[in-house]
Amino acid sequence: MKTSTRFWLLASSILVSLAVLTFLVHYRLIDRYLSRLLMLGAIQSIIALSLNLITGFTGQLSLGQAGFVGIGAYTTAIFTTQGWPFPLALIPSVGFAALAGFLVAWPSLRLRGDYLAIMTLGFGEIIRSLIINLGDLTGGASGFKDIPGFHADGDINRSIGFLWIFLSFILVTVLITNLIRSSHGRAILSVREDEIAARAMGVDIRRVKIGAFALSAALAGWGGALQAPFLNYLAPTSYDFLKSVDIVVILVLGGMGSITGTILAAFGLTLLQEWLRFLGDYRMVIYPLLMILMMLFRPQGLMGGREWSLWNLIARLGGKNREVRHG
Amino acid sequence: MLRVTGLEVSYGSIRAVQGIDFDVREGEIVTLIGANGAGKTSTLHALSGLIPSTGSVELEIDGNRHNLRGIAPDLRVGLGLVQVPEGRRVFGNLSVRDNLLLGAYRRKDDLTKDLENVFRLFPRLKERLNQRSSTLSGGEQQMLAIGRALMSRPRILLLDEPSMGLAPLLVREIFRIIQAINAEGVTILLVEQNAHMALKIAQRAFVLETGKIALSGPADELARSETVKRAYLGG
Amino acid sequence: ADSYGSGPIRIGAILPISGRIAEYGKQTRDAAILAVEEINAAGGILGRQVELIVEDDEADPVKTANAFTKLVERDKISALMGALTSNCSLAITNLAMSEKIPMVSPTSTNDKVTLAGEYVFRACYIDSFQGQVVANYAVDTLKARRAAILYDLANDYSKGLFENFKKVFEARGGTVVAESYNTGDKDFNAQITSIRGFNPDVIFLPDYYSAVALIAEQIRNQGIRVPLLGADGWDEVAGKADTWMMPAFYSNHYSPESQDPDVVKFIAAYKARFGVEPNALAALGYDATRIILQAIKAAGSAQPTEIQKALVNVSGKFVTGNISFDANRNPIKSAVMVEIVQGTSGLTTRYAGTVNP
Amino acid sequence: MTFFAQLLQQIVNGLALGSIYALISLGYTMVYGIVRLINFAHGDLLTIGAFIAYFCLVALGITPLTLTIAILLAMAVTPLFGYALERFAYRPLRDAPRINSLITAIGASILIENGLRVVPFIGTEFRRFPTMTTAQWILMQSTDEFGQLIKVTISQTQLLVFFVAALLMGVLVLIVDRTKTGKAMRATSFDMKAAALMGINVNRIVSFTFLLGSSLAAAAGVLFALSYPQIEPYMGIMPGLKAFVAAVLGGIGSIPGAMLGGLILGLAETLTKGFISSQLSDAVVFLILIVILMFRPSGLLGKAVKEKV
Amino acid sequence: MDSVLRVENISIQFGGLRAVNDFSLDLKSQDLVGLIGPNGAGKTTVFNLLTGVYEPTSGTILYKSHNGRLYRLEGMPPNRITQLGIARTFQNIRLFPGLTVLENVLVSHHFSIRYNWLEAVLRLPRYWREEARIREQSLELLQIFGLADYADYKANQLPYGQQRKLEIVRALATSPQLLLLDEPAAGMNPQETRQLMDLILFIREHFHLTLLLIEHDMSLVMGICQRVVVLDYGNILAEGPPDHVRNNPEVIRAYLGEDVHA
Ligand SMILES: Nc1ncnc2c1ncn2[C@@H]1O[C@H](COP(=O)(O)OP(=O)(O)OP(=O)(O)O)[C@@H](O)[C@H]1O
Ligand SMILES: Nc1ncnc2c1ncn2[C@@H]1O[C@H](COP(=O)(O)OP(=O)(O)OP(=O)(O)O)[C@@H](O)[C@H]1O
Ligand SMILES: [Mg+2]
Ligand SMILES: [Mg+2]
């Protein structure tokens, strides 16, 4: 098969599945509770993928990812409340988040490992503190309410939101997958593996890191932007340190550096947390226990840096060369 | 003194050592040579208990036999089996003195004589006693690694490529010192890339090829063997 | 065929059963269970039994909305009792509007909660009313001219009370200095030192009792002896403090010492069922549930839209006082002021007056 | 109150708060220094220590003697939890990537916090920690122009915390720098395998590190509870996080650095709240942290180890 | 300037230690020069200075790139220097351990790649063309070093000696004009060393390389270098053709020792 044929085959099969899903959601063959959870899972996937880019692939542990998500969410909330349509509001949301990522990247260039982690944590806390203190703009502690939904005329037609969220999810996944399987992606990976050697091979690690941080923040902001119209209400507590940790947990459980693993874990944990809710206080005992057991018995995460086999198939269809990792 | 039978080491699907038998007799210098990746380091790690292995390793000290299966690395040191690891691995955050003292970690008796002994072999270390060991030159670090191992009063010393990366002058110095240590009654198992020198000072030798012992015999005989010459001595 | 017409009448409850404020959620839930059990024991309403379906929101707004969707979509509830915190309630008020499911929050005091529209009610009075009650008490009864406020800026309950107290106190000619902190802070010495420099006549501490106990002790440790003022979040603070707390006053929904037969009966029933004294949250949870039940009865239907219509007209005597709803679906009811005093074993409270809206 | 008196009082407040942070971050930084693990559960060991002392004090009543007993008991019993954590949650992951241990640590932390909440005799409700009415020492006293009495005071508890922190720091430095076990600890931190080849029982050294670290956490927990007399299962989260920040500020792994970082953090927080804005105090504190890290990427007393190529 | 590289009196100080002192060196096109000296003499440090890892405390480094332009390298970031055509290997192997052998080599092409990240994400034709080009070039290089069969292995699964070779391949993939090899034969036995010597000579011819190499194995240094520079305590102790240096009494005293056979 020619490359282009394969590409169209892949693209159309994805679009067809999306159309089928949307149809099922629209006619409530998937009920609204499940579709809501699927949307949450997709948004979590986007956010976790953004962390995967900076932490899994670039090797820079970020404990402040929720801050970038918050920037995206609040920016969209502010602009759509001002009457901007969602797609237009997406632009400043992603832009501001990217800018914040850029700002974090600068001082972070000299830091490694745990120092970097604490720096990003600090940035996340500063963003949260700003959200709380920008009273009228963000709603402060009582939260941002009455954010317009995806549909302009206020009709809560879920399939439109569903379409937006899943389209974004597919776009972000494709973006990261294609980026990583390119020379730019290899430059990113080389920074993770050995910065000194990367520089010696002509890789401008400052640029790579700043770019990766900005892109990661932008994608996190994208995820946040989807939250605003979807949730309709934003509270600052949704963007604190513990939420950043949640994202790290998804990443590690899925397998650092694995795209399918991240997605699997994002959906899995979203559903799992919902199913475990009936346990009340015991939920918070069982959940960490699962986390620890997972680390003990499958320390490489669900996918351990590899990709799902069907994904390999897709990758093979989509690209003419196999980049299947061994190991 | 050391008897190894059926030793196997695997890393996942890679079988680095594939069932080797050999022995080292008391007071000998025995050398293990072989190409890159032949499994020499893996063998020594298995003997020290740093990595899991199958097969049997028996150590005989003063007429007492010890089966080393399941014995932790630190206890093996207590029995007298000590390794100088590949790449020196001195404790860079500690001074030369502290490195030496840690070599004698398991001992509770007086160390002055041992220290003097080390300084006699390596006068350079005495000059650098309070220096952070990460700032030593490569050769000095190698001396420190050997000296540190001697502090535990080994009965059998495993040396992993002690001459790697050293200046020619030092290489000869190191081999001289190995002989001196041996003369003081320490049995030596030497892994070397510098086959010329290793075969010169050893009594017996084993050649390891992709995890198996390909040749063995008295060192001078092997040094004359055509196969060894071609494969390891460069013609 | 509609799913509301047959079988038990299903009422949802969304409360924090786990997480940081699980204690509050559990007490409220227990009170709701009590109310439902009582009505079922008396033969139910409209000849049908009532089923209470409780979902845990972990005090997380996103989880609250998930739970709401589940209750509406899967359980087909007729009405919702919840959510507990204002943040969680705000996360679902618009959903309640679009799904046309009436909700009665027992305890969300933030003014904004009921602004979403005609399906959102609450059983508690709102921050602006309570801030006003306490401020007036400070001016009228305590003759205070200078008030210091120490509030939690990350908590909208605390912030709401702070703003409304300040507004009223200043309008009545007083001077206010405010300091803030963050949820979970333990050390308030810096702020207290600043307050000490201001020499206040009273200090207003609009927060929950756990924080209040810590702050109060640090205030006294810095040698400040002026009266401390609080709001309904102080409920139960007496059990966690010592004589240093006094003098201290706070507004509350009801006074457990009340001799009102409804109150006495509720306290006895709750104690018999759960083995502990009900607090104000429990009382509100009980009332919120009973408001819903009364509306269903009045509507003569389990249809959410019918229940909503009936809710607007609910009026009657409840544990926390006489309740009827104003145009914004906030209850019109009175507050009580209580004083913390030395009892036979430790601190207790004493009724110090009723303030009517 | 004059500005000067106010400043002095705020500095006293800041140092008092800072010595608590310092105390907690000592154990944090030591475990990190040896095992390279950010032990997120450190704050929760603090909680456990506080609860042990609580039950002890409730049973015995509080006097200086029983308080000493309670501290010692907490320091003796809490390490069992630390040991179990190391043995069953961290040790199996020693050769795995570091982020895995980090996740396990986070998991352990959530587990302890919420595990305690379902234990019947602990539960979710907060309890008042017994305190002694301690004297306030007046550091400075005068009257201002309006005849108001100005006092700058410090409490016995605050002093106690400060001295215990300084003492434990000294003891810790002695152990790590001077004893043979300390040397073995440092060797283990540098190269575990090489340490094993020296006859060092690496497992025992790591366990010892955790025992010591948890013991320190317990001591910190009791003093923390004494200063802010309210205990509940979540009480360790914030101080744990702050202590982590303090440890990084001082140079993680450096024991005097933890002390310094703690004091600076306490001062920065208090002075910001007192003079700039209590609303922005967290933001300001983290801004300070970021600025310091920009100029000293390995913290104030951390050694900038330039990688030799 | 007719030299490729002219180093003039560079020095560097680490705390109290003057690791390299007044070092000068002149390399003409396709020179093959050895840099030897006792452990800790400062050889690796010279490499680090040339490649921008360290900035010299004083002195200048002049370099003429492929296109004849002159550059001063002091203070230039390492990646820029590599892009100008100076590549190196590391004494302590620094591969990208988690990447495959092929990916390790592909990274070296990054700076010369002619598509941007958007083209990569959208998979535009230029992406495919470029990927095919660099893949082919990389495999060719691996072939020369007998590593093509390992292309899909993770780098850290290779035995030590192969890893050393991969280091060289990776450096070559940056299309350098000047290649710096730091102890390429360390950990190789005499036979492997001989093969390596042939390889070095081959790539010099094939890629028109100028080579500077550090090595303790005298058979290699004396066997293939045209010129040898001896460092001791950061200072140049001797310089000249191998035979000349080998018999220099100072060099014998400080470095070679008596009875050297090579
Ligand atoms: N940690 C490991 N994981 C996977 N494979 C390994 C590991 N360590 C060694 N190997 C493999 O095991 C084989 C034997 O390696 P070993 O280090 O024992 O060889 P060696 O004879 O010491 O070689 P050298 O002379 O290069 O030191 C090699 O193929 C190597 O790639
Ligand atoms: N970053 C650094 N900080 C401090 N000292 C350094 C640094 N880099 C090198 N040195 C010191 O400079 C001296 C020269 O080191 P260098 O690595 O250049 O030696 P070398 O000649 O390559 O030795 P070898 O043959 O053992 O590799 C040594 O004493 C080394 O400890
Ligand atoms: Mg080896
Ligand atoms: Mg070198």
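We name chains A, B, ... by the order of the sequence lines, and we start the count at 1 in each one.
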| Is the number of heavy atoms from other residues, nucleotides or ligands under 6.0 Å of D:Phe275 CZ greater than 12? | yes

| field | C:Glu179 versus chain D, the contacting section by heavy-atom distance below 4.5 Å | value | both

| C:Tyr209 versus chain D, the contacting section by heavy-atom distance below 4.5 Å | both

| Between C:Ser210, C:Ser194, C:Ser18, C:Ala213, which residue shows the highest count of heavy-atom pairs closer than 4.5 Å to chain D? | C:Ser210

| note | Taking a cut-off of under 4.5 angstrom between non-hydrogen atoms, the residues of residues 220-228 of chain D near chain C are D:Phe224, D:Tyr228

| C:Tyr151 portion near chain D, given a 4.5 angstrom heavy-atom threshold | side chain

| message | Applying side-chain contact (heavy atoms from CB on, under 4.5 Å) to D:Asp282 and C:Asn182, what does each step give before you reach the verdict? | response | CA-CA 9 Å; D:Asp282 275 7; C:Asn182 233 311; 3.5 Å; yes

| request: Counting only heavy atoms closer than 4.5 Å, note whether D:Thr272 contacts chain C via side chain, backbone, both or neither. | output: neither

| NZ on C:Lys186 to CD1 on D:Ile20, rounded to 0.5 Å | 10.5 Å

| message | D:Ser155 vs C:Asn221, test: side chain to side chain donor-acceptor pair (under 3.5 Å). Steps then yes/no. | response | CA-CA 8 Å; D:Ser155 78; C:Asn221 276 344; over 6 Å; no

| task | Among C:Ile21, C:Leu214, C:Leu153, single out the residue with the greatest number of heavy-atom pairs under 4.5 Å to chain D. | result | C:Leu214

| Looking only at heavy atoms, which of residues 230-241 of chain D get nearer than 4.5 Å to chain C? | D:Gln230, D:Glu232, D:Tyr234, D:Met235, D:Ile237, D:Met238

| message | Looking only at heavy atoms and a cut-off of under 4.5 Å, which of D:Glu269, D:Gln10, D:Arg127, D:Lys242 has the most pairs with chain C? | response | D:Gln10

| field | Within 6.0 Å of NZ in C:Lys166, more than 12 heavy atoms from elsewhere | value | no

| Do C:Asp185 and D:Lys273 meet the salt-bridge criterion of a basic N to acidic O distance under 4.0 Å? | yes

| Presence of salt bridge, C:Lys240 and D:Glu125, under 4.0 angstrom | yes

| query | Between D:Asn13 and C:Thr193, is any pair of side-chain heavy atoms under 4.5 Å apart? | reply | yes

| Should we say atom CZ of D:Phe162 is surrounded by more than 12 heavy atoms from elsewhere, each under 6.0 Å from it? | no

| request: Side chain from CB out, backbone as N, CA, C, O: work out which of these in D:Thr270 comes under 4.5 Å of a heavy atom of chain C, or both, or neither. | output: both

